[in-house]
Structure formats: structure tokens, C-alpha cells
Amino acid sequence: MDAVTASLEVSGLAFAYPDGHQALFGVDFAIARGERVALLGPNGAGKTTLVLHLNGILSGGTGTVKVAGLPVGRQHMAEIRRKVGIVFQDPDDQLFMPSVREDVAFGPAAAGLKGPELEQRVRTALERVGMQDFADRPPHHLSFGQRRRVAVATVLAMEPEILVLDEPSSNLDPASRRELADILRSLDVTVLMVTHDLPYALELCPRSLILSDGTIAADGKTGELLADDELMRAHRLELPFGFDPRPAPVPGGRP
Ligand SMILES: Nc1ncnc2c1ncn2[C@@H]1O[C@H](COP(=O)(O)OP(=O)(O)OP(=O)(O)O)[C@@H](O)[C@H]1O
Ligand SMILES: [Mg+2]
């Protein structure tokens, strides 16, 4: 994949935390513009560690990360932070202003947008997640699912090159989970989604990566990976009871 078509390129990424614990051992993959990819793997596999490298929150290991051809590093940090929108698992890590409107305006305003242009950007982002009627509410008065949507809006307002979500469906009720899926599907943006919710990965992401013990153990079609019992067992991945990842047989089709 060349730099023009890749939203994200990770090459030879290895990283040890300051206490000496090595979390990533040479990770390589690329994501083309417009792709939606799930990042699967058991607890402790290194998923969050990898995500925190995508906009330079963590650095100092070896290897490279490039976003739309631009290397993640001190030199381009402001631009990288605009291009990589990370929705953290806990929306409270992301919302800190007195109103929803101010939270969504925060990033674009810091990037220099103002006046009617800024207002329009905020309105559009809130409309895309169905939260336009909550603009004047304090974020801490909203429900968890509503805060998750606002967190997504704060990131969309930056018009990112790639949207990275850490466990987007966790703690959502079934209707909110489905509504967030509809939102993600409607976006015309590259998505990398960390999830333990395997049916969600299958529904939203044609391709998945399995990260296990700090290396990419598999990279392929989500349906094929989830149907590979041996692969799943080897990496502590379990489908929910009764869930069959294989496509349903076509009614009236050949046996
Ligand atoms: N600040 C830290 N210092 C030292 N080790 C850490 C630190 N943060 C994480 N680790 C270790 O790095 C490894 C990868 O952790 P990470 O949080 O990236 O896993 P994960 O795949 O996101 O797991 P989960 O599914 O539980 O969220 C784990 O063994 C973890 O104990
Ligand atoms: Mg994690």
C-alpha cells in the first residue's frame, strides 16, 4: 500500500514501558483510506498500547507509525493530533468542558477555527451522532451512552483522517450499541476499532487484526478469522453463546 492510499502504516513497532515490561514486539500492518478494521485480542495483548502510539501519546520504542504518509513524531505532532481521532474507552477521559457544545468546539477552536465556521462544524458533528438537542447540557449530566456519542462527536469535529475507537460498544444498551453501529457505518472515514465484542467486529469491519502477546497473530477477513476455531482458541477469543460467524445458508440454495 503506498502512502497516498494508506491512512495508517505501522512498521516494526516495538515498545517497552519504563518499568521494562515489553508490550509490543514488532507490529506491522497498513490500513487503506476508507477501510474499517477491527483490532481484536485478549486482555493484555497490547491493543491500548498500540492505539496510544497512533497519535504519539506513547513513543520512544522502535519502528515507525505513519498517518496519511506523515510520520508520527514530535515534528508533526499538532497535525497528527488533528488527523488521528481517538475515542477512549471512558468518555470521561475526553469530556471536561461545562457544556457539550464547548467540548465539541474545543479541538477545532484550538486548531484555529472560529465564528460561524466553528459553529457549523460543531452542529454537523453533533447531528452526525444525534446529539444536537444536547448542545447546551453539561456533559456530566448525560447518561453513559450519551457521553460516548458526544465523545465521538468531539473527534468527528476534527474531521480526522482516521477514527480510532477503544471498546466503543462497552457499557452501551443494545439499542445504543446498534445506533452507534449505524453512525459508524454512515461515516466516510477510515476506522480502527478495538473491541472484545466479536459480533460487533463482524457487523462493522470486513477486516480484522488479531494482536496477541504484542504481535499481529492474524490479519484477514473478519468472518474467516472468527470461524477459525483453532486460531480463536489460541488467542483466548470466544464468541458469545450461540453466535455463528458463518454466513447463513441461502434459502433454496444448493445443499
Ligand atoms: N503503564 C504501564 N507500565 C507497565 N506495563 C504496562 C503499562 N500499561 C500496560 N502495561 C502492560 O502492557 C501489556 C499490554 O497492555 P495493554 O493495556 O496495551 O493491553 P490491552 O490489549 O489493551 O488489554 P485490554 O483488553 O485488557 O484492554 C500488559 O501486559 C500490561 O500489563
Ligand atoms: Mg486496552
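If you read the sequence from its start, that first residue is 1, and numbering goes on from there. Treat the numbers as computed from the prediction; the structure is a model and nothing was measured. Counting starts at 1 for both ligands and their atoms, following the listed order.
At least one N or O atom of Ala45, backbone or side chain, sits closer than 3.5 Å to an N or O atom of ligand 1.
Note: the hydrophobic cluster containing Ile162 does not contain Leu156 (ILVMFWY, side chain heavy atoms under 4.5 Å, direct or indirect links).
Each side-chain hydrogen bond (donor to acceptor under 3.5 Å, both in side chains) pair with one or both residues in residues 73-92, not counting sequence neighbours, appears once here: Asp92-Arg147. Residue pairs meeting the side-chain hydrogen bond (donor to acceptor under 3.5 Å, both in side chains) criterion with at least one partner in residues 213-223, sequence neighbours excluded, are Arg207-Asp219, Ser208-Thr222.
Each of Leu58, Ile57, Leu52 was scored for a side-chain contact (heavy atoms from CB on, under 4.5 Å) with Asn55, with one residue passing: Ile57. The side chain to side chain donor-acceptor pair (under 3.5 Å) test with Thr124 is passed by exactly one of Arg128, Arg121, Gln120, Glu127: Gln120.
Contacts with ligand 1 closer than 4.0 Å are made by side-chain heavy atoms of His21 only, the backbone lying farther away. Contacts with ligand 1 closer than 4.0 Å are made by side-chain heavy atoms of Asp19 only, the backbone lying farther away. Contact annotation: for Pro42 versus ligand 1, heavy atoms closer than 4.0 Å belong to the backbone alone.
Residue contact check: Thr49 has heavy atoms under 4.0 Å from atoms 14 (C), 15 (O), 16 (P), 18 (O) of ligand 1.
For Phe106 and Phe96, the distance between ring centers is under 6.0 angstrom.
Residue-ligand proximity: His196 is placed with a non-hydrogen atom under 4.0 Å from ligand 1. Ligand 1 lies out of reach of Gly214, whose nearest heavy atom is not under 4.0 Å from it. Note on ligand 1: Gly46 sits in its first shell, one or more heavy atoms being nearer than 4.0 Å.
Ranking protein heavy atoms by distance to atom 27 (O) of ligand 1, first place goes to Thr48 OG1, 4.0 Å. Atom 26 (O) of ligand 1 has Asn43 ND2, 2.9 Å as its closest protein atom, hydrogens excluded (heavy atom only). Scanning the protein heavy atoms around atom 25 (O) of ligand 1, the nearest turns out to be Lys47 NZ, 2.7 Å. Of the protein's non-hydrogen atoms, the one nearest atom 2 (C) of ligand 1 is Tyr17 CD2, 3.4 Å. Among all non-hydrogen protein atoms, the one lying nearest atom 23 (O) of ligand 1 is Gly44 N, 2.8 Å.
In this structure the side chain of Asp173 never reaches within 4.5 angstrom of the side chain of Phe144, judged on heavy atoms. Side-chain atoms of Leu142 and Phe134, non-hydrogen and from C-beta on, do get closer than 4.5 Å to each other. Leu13 has its side chain out of reach of Thr64: every pair of non-hydrogen atoms, C-beta onward, lies at least 4.5 Å apart.
Between the side chains of Thr190 and Glu35, not a single donor N or O lies within less than 3.5 Å of an accepting N or O.
We find that Asp229 and Arg233 are not joined by a salt bridge, their nearest charged nitrogen and carboxylate oxygen being 4.0 Å or further apart. With salt bridges taken as basic N to acidic carboxylate O contacts below 4.0 Å, one links Arg177 and Asp197.
Inside a 4.0 Å radius of atom 31 (O) of ligand 1 there is not any protein heavy atom.
Around the Mg ion (ligand 2), protein N, O or S atoms at less than 2.8 Å number 1.
With sequence neighbours left out, Glu203 forms a salt bridge (charged side-chain N to carboxylate O under 4.0 Å, His left out) with Arg185.
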